[in-house]
Trainee: 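Could you have a look at this structure, given as structure tokens, before my questions?
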Number of protein chains: 2
Amino acid sequence: MSLLKDIRVAILATNGFEESELIEPKRALEKEGAEVVVISPENGEIKGWKNGDWSDTIKVDARVDQVSSKDFDSLLLPGGVINPDLLRRDPASVEFVKSFFEDHKPVAAICHGPQMLIEAGVTNGRTMTSFTSVRKDLENSGANWVDDEVVVDSGLVTSRSPKDLPAFNKKMVEEFREGKHAGQTA
Amino acid sequence: MSLLKDIRVAILATNGFEESELIEPKRALEKEGAEVVVISPENGEIKGWKNGDWSDTIKVDARVDQVSSKDFDSLLLPGGVINPDLLRRDPASVEFVKSFFEDHKPVAAICHGPQMLIEAGVTNGRTMTSFTSVRKDLENSGANWVDDEVVVDSGLVTSRSPKDLPAFNKKMVEEFREGKHAGQTA
């Protein structure tokens, strides 16, 4: 199929991304014809995380301070404990994430990925989920946290963990196909 | 010296604790005559983190669900990205931390350690610091976050990272020696 023909998706990640949460959504997006670009504050390669330890590296396509969100239709934020903790310290990455919300573009975030949404200040009043350890921080940021395999709120797609990937990928493709949502704001 | 003679300190940690943030404060406390007990949701041993990878293990003295905060005078929470993310998912650990605040006992937390204070719901209105990536979550929880090597607020001692350990250890010993503080509440 080609539900996402002519759609350009940014994946923002760095070292410590949960391997399945980057690789599997990327495959699901490409299967539907999307162009997927891996963006990072790092040059060259970033190292994944799998079964509680460092795993394989993947190639970085572009550094975050050398691209603009204007060049993308939608954004995917994988999780991993270490990955968003590193990303949220990087002002260019935080600004990049915020821009998608300012432009009403769909965003999908899984597991610890929503920590970047807290850092970008875009969670107040939004209905969403995350890995359980991020729940309290999301609630304190004003989000309405719900315990479900996938939660969709006006172009914002969130899931809890790798076991939710089939439901996450399905809703992500739907929302990325729909494009901009007025309720998606910063 | 023996500034902490007859003082019993709990260190609450699990896999992924930043090695220096457990070992160095433990040494500083024992040097002053404190009895230091390593508590964890895990049995046996827990694995540290150093220079961006897993490091040495240390022995766990008691499991958190088999002890009471009543048996301790004060609490130390080391950091590490993975350690508090695991601890905050464990209800017995969260309750253990909260009890120290309910009993007005001094608590020291460094780096990502303050994530456990957010989870225990004891940060509202407190002046404190943390690793930079935890700042936003602390502010959203009602804390007054300041950028200093060590911050003391009525029996609550916090620091930002391993480089602050000398200042952190000094203030921790002072507060643990003073004992209960009325302003330390849950």
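Proteins come first, then strands; the chains are lettered A, B, ... in the order of their sequence lines, and each starts at number 1. Here the structure is a predicted model, which is why all the values come from computation and not from measurement.
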Trainee: Applying a strict under-4.5 Å side-chain criterion to I, L, V, M, F, W and Y, I'd like to know whether Met172(A) and Val36(A) cluster together.
Mentor: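 Looking at the clustering, Val36(A) is in the same group as Met172(A).
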Trainee: Could you tell me which portion of Ser141(B) (side chain, backbone, both or neither) has an atom closer than 4.5 angstrom to a non-hydrogen atom of chain A?
Mentor: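 Both parts, heavy atoms under 4.5 Å.
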Trainee: Establish whether Ile46(B) and Ile39(B) are linked, either directly or via other cluster members, by ILVMFWY side-chain heavy-atom contacts under 4.5 Å.
Mentor: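 No, it is not one cluster - the side chains of Ile46(B) and Ile39(B) are not joined through contacts under 4.5 Å.
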Trainee: Is there a path of hydrophobic side-chain contacts, each under 4.5 Å between heavy atoms, that joins Leu165(A) and Leu29(A)?
Mentor: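 Yes, one cluster joins them.
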Trainee: Would you call Arg88(B) and Asp137(A) a side-chain contact if the rule is heavy atoms closer than 4.5 Å?
Mentor: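 Result yes, sub-4.5 Å side-chain heavy-atom pair found.
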Trainee: At a heavy-atom separation under 4.5 Å, does Asn15(B) approach chain A through its side chain, its backbone, both, or neither?
Mentor: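 Contact with chain A is absent: no heavy atom of Asn15(B) under 4.5 Å.
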Trainee: Mark yes when over 12 heavy atoms from residues, nucleotides or ligands other than Lys171(B) sit less than 6.0 Å from its NZ; otherwise mark no.
Mentor: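 No.
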Trainee: Output the option from Asp85(A), Leu138(A), Val134(A), Leu86(A) having the highest count of non-hydrogen pairs under 4.5 Å with chain B.
Mentor: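 Winner by heavy-atom pair count: Asp85(A).
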Trainee: Report the distance from atom CD1 of Ile118(A) to atom NZ of Lys136(B), rounding to the nearest 0.5 Å.
Mentor: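 If we round to the nearest 0.5 Å, Ile118(A):CD1 and Lys136(B):NZ are 9.5 Å apart.
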Trainee: Enter the distance from Arg135(B):CZ to Glu119(A):CD here, rounded to the nearest 0.5 Å.
Mentor: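 So the gap between those two atoms works out to 9.5 Å.
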Trainee: Kindly work out whether a path of hydrophobic side-chain contacts (I/L/V/M/F/W/Y, heavy atoms less than 4.5 Å apart) joins Leu22(A) to Phe176(A).
Mentor: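 Leu22(A) and Phe176(A): one cluster.
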